[in-house]
Amino acid sequence: METTDAPVRFDTKIAVLLRDDLAVWQRLNVTSFLVSGLGSRVPELVGHPYEDADGTAYLPMFRQPVMVFEADRETLTRAHGRAVSRKADLAVFTSDLFATGNDRDNRAAVRAVRRDSLDLVGLAVHGAKNGVDRIVKGARMHR
């Protein structure tokens with residue numbers, strides 16, 4: 001018999017890695033955009049809809065925490081390379097996207113730059129806990 005008060009453990013991890021020189025508004029914006037991609041790639045990450053005691057319905061959210069890290073440009077670039085080589089579920093945000101205003105232009109801005117030349121400001125990754133830990137190695141928890 002399963003108890004409802006037993007701690008929930010996850011075999012996977014969601015991590016967002018932000019470049020440490022971003023303004024606060026940029027960090028929040030980048031994080032929001034990055035995590036939006038993970039639910040579309042891995043639908044089982046999204047839980048069930050919420051409802052309050054009055055019956056007001058709310059949208060579902062991720063079933064597990066999102067860990068947010070920060071690092072310098074070099075660490076972020078290494079993390080990107082590790083994520084690509086591991087074929088991890090990955091979302092990227094480049095500095096060019098701050099100058100665009102819609103999804104079409106965002107995709108075009110990323111498409112115009114070769115992978116090794118992307119000016120990354122953030123990435124989101126999902127995968128096995130130990131694999132994600134290896135991808136974000138060298139980063140620190142966001143402060």
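Quick caveat: nothing in here was measured; it's all calculated off a predicted structure.
Linking Ile, Leu, Val, Met, Phe, Trp and Tyr whenever their side-chain heavy atoms come within less than 4.5 Å leaves L59 and Y50 in two separate clusters. Under a hydrophobic clustering in which Ile, Leu, Val, Met, Phe, Trp and Tyr are joined whenever their side-chain heavy atoms come within less than 4.5 Å, directly or via other members, L76 and V110 fall into the same cluster. Hydrophobic clustering (side-chain heavy atoms under 4.5 Å, transitive across Ile, Leu, Val, Met, Phe, Trp, Tyr) groups W25 together with V68. Cluster membership for L18 and M141, using ILVMFWY side-chain heavy atoms within less than 4.5 angstrom, is shared.
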* For the pair N102 and D105, evaluate side-chain hydrogen bond (donor to acceptor under 3.5 Å, both in side chains) and give the outcome as yes or no after the intermediate values. => CA-CA 6 Å; N102 61 73; D105 293 341; 2.9 Å; yes
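Between I14 and P65, the shortest heavy-atom contact is CB-O, 3.9 Å.
Crowding of D11 atom CG: a count of heavy atoms from other residues, nucleotides or ligands under 6.0 Å not exceeding 12.
The OH atom of Y58 sits 3.5 Å away from atom CG of D52, with the distance rounded to the nearest 0.5 Å. To the nearest 0.5 Å, the span separating CG on L97 from CD on Q26 amounts to 11.5 Å. Put simply, CZ on F93 and CG on N29 are 5.0 Å apart, with the number rounded to the nearest 0.5 Å.
Annotation: side chain of M67 is not in contact with side chain of H142 (no heavy-atom distance under 4.5 Å). Between D72 and E74 there is a side-chain heavy-atom pair separated by less than 4.5 Å. In this structure the side chain of V113 never reaches within 4.5 angstrom of the side chain of T94, judged on heavy atoms.
Qualifying ring-ring contact (aromatic ring centres under 6.0 Å, His included) partners for F62, counting only residues two or more places apart in sequence or in other chains: none. Every residue was checked against the side chain to side chain contact (heavy atoms under 4.5 Å, CB included) condition with S85, not counting sequence neighbours, and none meets it. Scanning for salt bridge (Lys or Arg N to Asp or Glu O under 4.0 Å) contacts around R140 gives D20, E70, with sequence neighbours left out. In this view, R9 and P7 satisfy the side chain to side chain contact (heavy atoms under 4.5 Å, CB included) rule, not counting sequence neighbours.
Counted by atom type alone, R78 and T75 present one or more donor-acceptor pairs between their side chains at under 3.5 Å.
A distance-only check finds no donor-acceptor pair linking the side chain of D54 to the backbone of T56 [under 3.5 Å].
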Side-chain donor-acceptor pairs under 3.5 Å in residues 119-137, sequence neighbours left out?
residue	atom	partner	partner atom	Å
D119	OD1	R19	NH1	2.9
D119	OD1	R73	NH1	2.5
D119	OD2	S95	OG	2.6
H126	NE2	T12	OG1	3.3
K129	NZ	F10	O	3.1
D133	OD1	K13	NZ	2.5

Expected list for residues 32-48: side-chain donor-acceptor pairs under 3.5 angstrom, two or more places apart:
residue	atom	partner	partner atom	Å
S32	OG	L28	O	3.0
S36	OG	F33	O	2.6
S40	OG	G37	O	2.7

